[in-house]
Visitor: 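There's a structure below that I have some questions on.
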There are 2 protein chains.
Amino acid sequence: MGRPAKFSREQLQAAALALVDEHGLAGLSMRALANALGTGAMTLYNYVTEREDLDILVVEAVIAEARWSPGRNRDWREDVRLISTALWKAVRAHPHAIPLILTRRSRSPAVFGVSEALLDALSRGGKSGQELLVAFRSVSALVMGFAQAELAGPLAVKAGETANATIARFRALPAERYRCLIEIATAAESSAPEAEFRAALDLLLKGMSAGGD
Amino acid sequence: MGRPAKFSREQLQAAALALVDEHGLAGLSMRALANALGTGAMTLYNYVTEREDLDILVVEAVIAEARWSPGRNRDWREDVRLISTALWKAVRAHPHAIPLILTRRSRSPAVFGVSEALLDALSRGGKSGQELLVAFRSVSALVMGFAQAELAGPLAVKAGETANATIARFRALPAERYRCLIEIATAAESSAPEAEFRAALDLLLKGMSAGGD
DNA sequence: ACCTGAACACCGTTCAAGT
DNA sequence: ACCTGAACACCGTTCAAGT
């Protein structure tokens, strides 16, 4: 790949993310990104090896936006909350990019950095080895799983659908067969994503605190 | 759309899933699916309205494979484990389809059915309303988040990489900066996904049992 | 009512050629 | 060493026409 000069990786990341934010996933193509950068499509091959690398540029740009005030003096649970929420918010800030974040691997310092910060907080909660691994996987899964559910879960709001329309859609289901589903669709109406995320995280933190600490 | 006759929805689902299982996501196209069914591409537009519907066919085919022995007499926690694990295993059984399952919405009876079953178990744990909603979102997020992490998380194994190569890759990172990450990469080596999933689920169940029940 | 081939506007990427 | 246009083999979808 040599030492390309015309564009920096940050430029590529910013331009790729801007395309996705503005025009959706379909707006990101070799030709479109090249055009946004004022060059020809083939020039991009001096910076990436294949199309999928463009997706990874977007993922890294989004994760790099996760920010939390670092501090190893607080209660470890509060740090887990701060870091998890920062990651979750960065992801939710770019709804069009979420499919890429869920499916593309990145080994950038941004991705490894947030993982290490989360692990550090959990380790201060007294976890190590296998127990630390499970705690990390649990919290990470909760963050990504919440983002996933909002995008594609059974309660996900359809594009351009009002809250009333969503609940009406569930009320139209067979009441007997989907009793609970209809109940939580109603509950979701008077609920904020932030509160649900916080409550879910606290369930997990309670489960992690019960044994040790 | 009228009343198409030449193919059933089940036929389309099975053929689409077979294409993805065998040839990966890139193997699923209007032309390829039509060819697999022995017809022309345009014929498919009598059954779906756009390309993305093919992805949804795949999602429904995978979720419909989730099977658990129904029973409302066991401890509710055991039912949560059985249903969650059945869903997680169905997803993991089709690794190529996972990106679609994470990102495509389906409102098929199969998807709503597993949600209602999970909700029913949680409601037998004494949850209702907002509390039931949070419990459901937590368990669902854990299932999808675990599938997501195996596909694209920081510890995900690269295609065709041995366990030893994975751990060597982490050992090559700056030891100071990524102390915990290297520790859990080592722990992950002598760990089974099934055990991790079970342990994570039990953390959450413990957190959910502490207050009520 | 359902089916289908030709054609159009895209796409990623190979190749060959420029500086 | 980096850059780039033309060309190729795809793709989803519109259109018009068949039965």
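Note on naming: letters A, B, ... go to the chains in the order of the sequence lines (proteins, then strands), and numbering restarts at 1 for each one.
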Visitor: Please tell me if A/K6 has a side-chain N or O lying less than 4.0 Å from either OP1 or OP2 of D/dT4.
Guide: yes
Visitor: The criterion is side chain to side chain donor-acceptor pair (under 3.5 Å); which residues satisfy it with A/R51, sequence neighbours excluded?
Guide: A/D55
Visitor: Got a sec, which pairs hit ring-ring contact (aromatic ring centres under 6.0 Å, His included) with one end in residues 132-165 of chain B, sequence neighbours left out?
Guide: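 Pairs touching residues 132-165 of chain B that pass the test: B/F146-B/F197.
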Visitor: Return all side-chain donor-acceptor pairs below 3.5 angstrom for residues 9-18 of chain A, not counting sequence neighbours, or 'none' if the list is empty.
Guide:
residue: A/R9; atom: NH2; partner: A/E60; partner atom: OE1; Å: 3.1
residue: A/Q11; atom: OE1; partner: A/S8; partner atom: N; Å: 2.9
residue: A/Q13; atom: NE2; partner: A/E60; partner atom: OE1; Å: 3.2

Visitor: Pairs counted only when both distances fall under 3.5 Å, Watson-Crick or G-U: show me the 5' to 3' dot-bracket for DNA chain D, [ ] for pseudoknotted crossings and | for other-strand partners.
Guide: ||.|||||...|||||.||
Visitor: Where is the tightest heavy-atom contact between B/A90 and B/V62, given as atom of each residue plus distance?
Guide: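 Heavy atoms only, the tightest pair is O-CG1, 3.5 Å.
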Visitor: Generate the contact string for nucleotides 6-19 of chain D. Rules: B means base contact, S means sugar-phosphate contact only, - means no protein heavy atom under 4.0 Å.
Guide: BB---BBBBB----
Visitor: Whole-Å distance between C/dG5 P and B/N46 CG?
Guide: 12 Å
Visitor: Sub-3.5 Å donor-acceptor pair from the side chain of A/S84 to the main-chain atoms of A/V80, do we have one?
Guide: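 Looks like yes, one N/O pair under 3.5 Å.
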Visitor: Taking side chain to side chain donor-acceptor pair (under 3.5 Å) as the definition, give me every residue that meets it alongside A/H94, ordered by chain and number, with sequence neighbours left out.
Guide: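 A/H94 satisfies side chain to side chain donor-acceptor pair (under 3.5 Å) with A/D21, A/E65 only.
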Visitor: Check for a donor-acceptor pair, side chain of A/R92 on one end and backbone N or O of A/A147 on the other, with a separation under 3.5 Å.
Guide: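 Not a single qualifying donor-acceptor pair exists.
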Visitor: Give the table of side-chain donor-acceptor pairs shorter than 3.5 Å for residues 25-37 of chain A, with sequence neighbours excluded, one pair per line with atom names and distance.
Guide:
residue: A/S29; atom: OG; partner: A/A32; partner atom: N; Å: 3.0

Visitor: Look at the side chain of A/S123 and the backbone N and O of A/D120, then say whether any donor-acceptor pair between them is shorter than 3.5 Å.
Guide: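 At least one qualifying donor-acceptor pair exists.
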Visitor: Which ones in residues 11-19 of chain A lie close to DNA chain D, meaning a heavy atom under 4.0 Å from one of its atoms?
Guide: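 Contacts with DNA chain D under 4.0 Å: none.
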Visitor: At a heavy-atom distance below 4.0 Å, what parts of residues 96-108 of chain B sit against DNA chain C?
Guide: none
Visitor: What residues form a ring-ring contact (aromatic ring centres under 6.0 Å, His included) with B/W68, not counting sequence neighbours?
Guide: none
Visitor: Could you note down all residue pairs passing ring-ring contact (aromatic ring centres under 6.0 Å, His included) where residues 152-193 of chain A supplies at least one of them, sequence neighbours left out?
Guide: A/F170-B/F112, A/Y178-B/F112
Visitor: Less than 4.0 angstrom between a side-chain N/O of B/T39 and OP1 or OP2 of C/dC3, yes or no?
Guide: no
Visitor: So, A/E116 side chain and B/C180 main chain: donor-acceptor pair closer than 3.5 Å or not?
Guide: yes
Visitor: For A/S128, what residues pass the side chain to side chain donor-acceptor pair (under 3.5 Å) criterion, not counting sequence neighbours?
Guide: none
